[in-house]
Amino acid sequence: MRRAVAIKQRYAISGRELYSQAGDFMQFEVIGIDYDSRIQNFMVSARADYEWYLNKTQGSEENLAIQRDIIRGSKPYKNLRADLKLGCVLPTIVLAVRDIDQTVLENYNKEEGFLQASRADLDMLQGAITQSLPTEFDIIDGLQRTNALRQALDELELDERGPFLQRSLRLEIWVNIAFFPLAYRMLLLNAGQRPMSMKHQIDILSGGLANDIKDINGIEIFRVKDHKRRVRPGQFHLSTLAQAFQAWMQRSPNVDRTNLVVETMVVDEALESLGIDLTSDDGNQRDGFRQFVEWVITLDQALGEEQNRFFGNDTVVLGFAAATGFAHKNETLQDRLPTAMATLIDAAREDAVEALGVEVFERIRTTVDTKRSNVGEWTRGLVFRAVREYIMQEGTSSMRDCWTQAASMG
C-alpha cells in the first residue's frame with residue numbers, strides 16, 4: 001500500500017501543471033487506456049492543447065525534416081493550415097513515448113477486453129507522461145499535420161497565437177513500445193493509405209531502432225550529427241543500420257521503391273516478417289533483425305581492425321541483412337539459419353579472413369564491368385546470393401565456394 005501511495009504522490013500532477021511562456025496553463029488529459037495483445041503494449045487515449053503538443057514533439061524536429069520536401073507547396077496542406085486557423089479539429093495523432101515508469105501500468109488487467117481504469121490511476125499515468133522530455137516522444141502518424149500546425153502558428157500575428165495554442169487535439173500514445181512492435185504498428189497503420197514510402201517510415205523509426213539495439217555487446221552507433229567515421233569493428237552509422245533493417249524486412253538487397261506495386265508488396269512482406277517476431281512470448285525483446293546485428297558484430301570483431309573495411313562496406317551489410325531476412329522468413333531455411341551462422345562464427349574465431357572468404361570476395365568484386373553494371377547493386381546481389389547459399393548448405397560449404405557460386409549466378 002505504501003508503494004502505491006508513493007507512486008501516486010510522485011505523479012500527482014494534473015493535466016494543468018505546465019505553464020506556457022505567456023503564463024497560461026498548458027493542458028493535457030488522459031482519457032482512457034487500452035492494451036494491444038498483438039504487440040503487447042498499452043495505448044493511451046488523450047487530449048492536449050496545441051501548445052502542450054508542440055512542446056512535447058520538439059524532439060521530433062529531425063523527423064519532421066524528412067517530410068518538408070513533400071509538404072511544402074502541397075495544396076491539401078495549404079488548405080489544412082487555413083482550416084487550422086479557423087479552428088478545425090485534427091484527426092487523431094499517434095505518438096510513442098519512452099522511459100515511462102512501468103509501475104504506473106501495474107494496476108491494469110491485460111486480460112480485460114475493456115480495461116477498467118480509475119481516475120486516480122489515469123492521473124498517475126497522466127503525470128508520468130507529462131514529465132517526459134520532448135526527446136522521449138516520437139511521432140508515429142501525424143508528421144504532416146504537426147508540420148502544418150507549426151507553419152500555421154508561424155503565419156499568425158502575435159496576438160492570434162495565444163488562442164490558437166489553447167485549442168485541443170486528440171492523441172493516441174503508445175507507452176514504452178519497443179522498436180519492432182512500433183515498426184509493425186506504423187507500417188500497418190500506413191499500409192492502406194501509402195502517405196510515404198517504406199524508406200521514409202524506416203527513417204522516421206531509426207531513432208527507435210538505435211535505442212533498441214544500443215545494448216548489443218560491442219556496438220557503437222553513429223548519427224549524422226556525430227560527424228564520426230568508422231575506425232574499428234562494431235562501429236556503424238545509424239543510416240546503414242536503418243537501411244539494413246529495410247533490406248532484412250524486404251528480403252532482397254535491391255528493390256525498385258519507385259514502383260508502387262513493388263512497394264506495396266514490400267510493405268506487406270515486411271509486416272509478415274515483423275509479425276513472425278511478434279508471436280513470441282516477449283515481442284519487445286527478441287527478434288530476427290537484432291540477432292542479425294549480433295552476428296554481424298561478432299564477425300566484424302573477429303575480422304579485427306586490419307579487415308575493418310569488409311563490414312565497413314554498406315553493400316556487404318545490406319547483402320547480409322537481406323540474406324538472413326530471407327532465411328528468417330523461409331520455412332526451409334529458418335531452421336538452418338542459426339546453425340549456419342554459428343558455424344561461420346566458430347570458423348571466424350579461428351581465422352576470420354579465411355572463414356568469410358574475404359580475399360575471394362575482393363577478387364570477384366574487381367571483375368564487375370562498371371560500364372554495364374551498377375557496382376553497388378551488383379555487389380549487394382553478390383553478397384545476398386553468397387550468404388543465402390551458405391545458409392542453404394547449413395555451413396557445410398565454405399564461404400570461398402559460396403562467393404564463387406554466387407558470382408556465376410550473377
Side-chain angles (χ1 to χ4, degrees), residues 202 206 209-210 212-224 226 228-249 251-254 288-328 337-338 340-366 368 375-391 395 398-400 402-403 406-407:
I202 299 306
S206 62
L209 172 61
D212 197 72
I213 63 177
K214 67 183 180 182
D215 62 333
I216 292 177
N217 187 36
I219 197 170
E220 184 178 357
I221 301 172
F222 297 151
R223 297 172 185 262
V224 174
D226 294 332
K228 292 183 179 180
R229 63 184 182 88
R230 174 183 163 98
V231 295
R232 65 172 184 271
Q235 295 178 327
F236 292 94
H237 281 278
L238 179 56
S239 59
T240 300
L241 295 171
Q243 290 176 64
F245 175 61
Q246 185 177 356
W248 179 84
M249 285 199 301
R251 308 192 295 279
S252 173
N254 300 305
F289 181 74
R290 181 186 172 93
Q291 189 157 50
F292 155 75
V293 176
E294 291 172 347
W295 288 330
V296 167
I297 297 296
T298 302
L299 292 169
D300 195 21
Q301 291 175 332
L303 281 169
E305 291 189 18
E306 291 185 4
Q307 296 292 336
N308 188 42
R309 290 178 55 191
F310 186 71
F311 281 110
N313 188 332
D314 288 359
T315 57
V316 172
V317 176
L318 300 190
F320 255 86
T324 56
F326 179 88
H328 177 73
L337 176 60
M341 289 298 105
T343 300
L344 184 59
I345 287 169
D346 287 343
R349 284 173 174 149
E350 296 294 326
D351 186 341
V353 174
E354 174 65 24
L356 285 160
V358 175
E359 294 175 355
V360 178
F361 165 73
E362 294 291 355
R363 186 168 63 251
I364 292 174
R365 197 165 64 135
T366 61
V368 61
V375 177
E377 287 187 5
W378 188 90
T379 307
R380 284 192 292 273
L382 173 70
V383 177
F384 171 74
R385 292 190 300 273
V387 176
R388 183 184 60 183
E389 181 64 25
Y390 186 85
I391 295 167
S398 69
M399 277 301 298
R400 295 172 66 93
C402 291
W403 289 124

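Please read all numbers here as calculations on a predicted model, not as lab measurements. One-based numbering along the sequence shown.
Between Thr379 and Phe361 there is a side-chain heavy-atom pair separated by less than 4.5 Å. Using a 4.5 Å cut-off on side-chain heavy atoms (C-beta onward), Ile297 and Glu294 make no contact. Taking 4.5 Å as the limit, some side-chain heavy atom of Pro233 sits within range of a side-chain heavy atom of Asn308. Counting only heavy atoms from C-beta outward, the side chains of Leu337 and Trp295 approach each other to under 4.5 Å. Looking only at side-chain heavy atoms (C-beta outward), Val353 and Phe310 stay at 4.5 Å or farther from each other.
Legend: residues meeting salt bridge (Lys or Arg N to Asp or Glu O under 4.0 Å) with Glu359, ordered by chain and number and at least two apart, are absent. Under the side-chain hydrogen bond (donor to acceptor under 3.5 Å, both in side chains) criterion, Gln235 pairs with Glu220, not counting sequence neighbours. Every side chain to side chain contact (heavy atoms under 4.5 Å, CB included) that Ala347 has, sequence neighbours left out, goes to Ala355. By the salt bridge (Lys or Arg N to Asp or Glu O under 4.0 Å) test, Arg400 pairs with Glu354, sequence neighbours left out. Every residue was checked against the side chain to side chain contact (heavy atoms under 4.5 Å, CB included) condition with Asn217, not counting sequence neighbours, and none meets it. When the salt bridge (Lys or Arg N to Asp or Glu O under 4.0 Å) test is applied to Glu389, no partner is found at least two apart in sequence or on another chain. Contacts of Phe292 classified as ring-ring contact (aromatic ring centres under 6.0 Å, His included), with partners at least two apart in sequence or in another chain: Phe289. Shown here are the salt bridge (Lys or Arg N to Asp or Glu O under 4.0 Å) partners of Glu362, two or more places apart in sequence or in another chain: Arg365.
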Throw together a table of side-chain donor-acceptor distances under 3.5 angstrom for residues 313-327, partners on residues two or more places apart or in other chains.
from   : atom 1 : to     : atom 2 : distance (Å)
Asn313 : OD1    : Thr315 : N      : 3.0
Asn313 : OD1    : Thr315 : OG1    : 2.5
Asn313 : ND2    : Thr315 : OG1    : 3.4
Asp314 : OD1    : Thr240 : OG1    : 3.1
Asp314 : OD2    : Thr240 : OG1    : 3.4
Thr324 : OG1    : Phe320 : O      : 3.1
Thr324 : OG1    : Ala321 : O      : 3.1

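Note that OH of Tyr390 is 4.5 Å distant from CG of Leu344, once rounded to the nearest 0.5 Å. From Ile216, atom CD1 reaches atom CZ of Arg290 across 4.5 Å, with rounding to the nearest 0.5 Å. Here the CG atom belonging to Leu241 is positioned 4.5 Å from the CD1 atom belonging to Ile213, to the nearest 0.5 angstrom. Note that the CG atom of Leu238 and the NZ atom of Lys214 stand 12.0 Å from one another [nearest 0.5 Å].
For Ala340 against Gly395, the heavy-atom pair with the smallest separation is CB-N, 4.0 Å. Residues Ala348 and Leu299 share a closest heavy-atom pair of CB-CD2, 3.8 Å. Closest heavy-atom contact between Arg363 and Thr366: O-OG1, 2.6 Å.
Side-chain atoms of Trp403 come within 3.5 Å of backbone atoms of Leu356 as a donor-acceptor pair (strictly under, hydrogens ignored). Formation of a donor-acceptor pair under 3.5 Å by the His237 side chain with backbone atoms of Arg229 is not found in this model.
Within the structure, the salt bridge (charged side-chain N to carboxylate O under 4.0 Å, His left out) test picks out the following pairs touching residues 300-311 (sequence neighbours left out): Arg230-Asp300.
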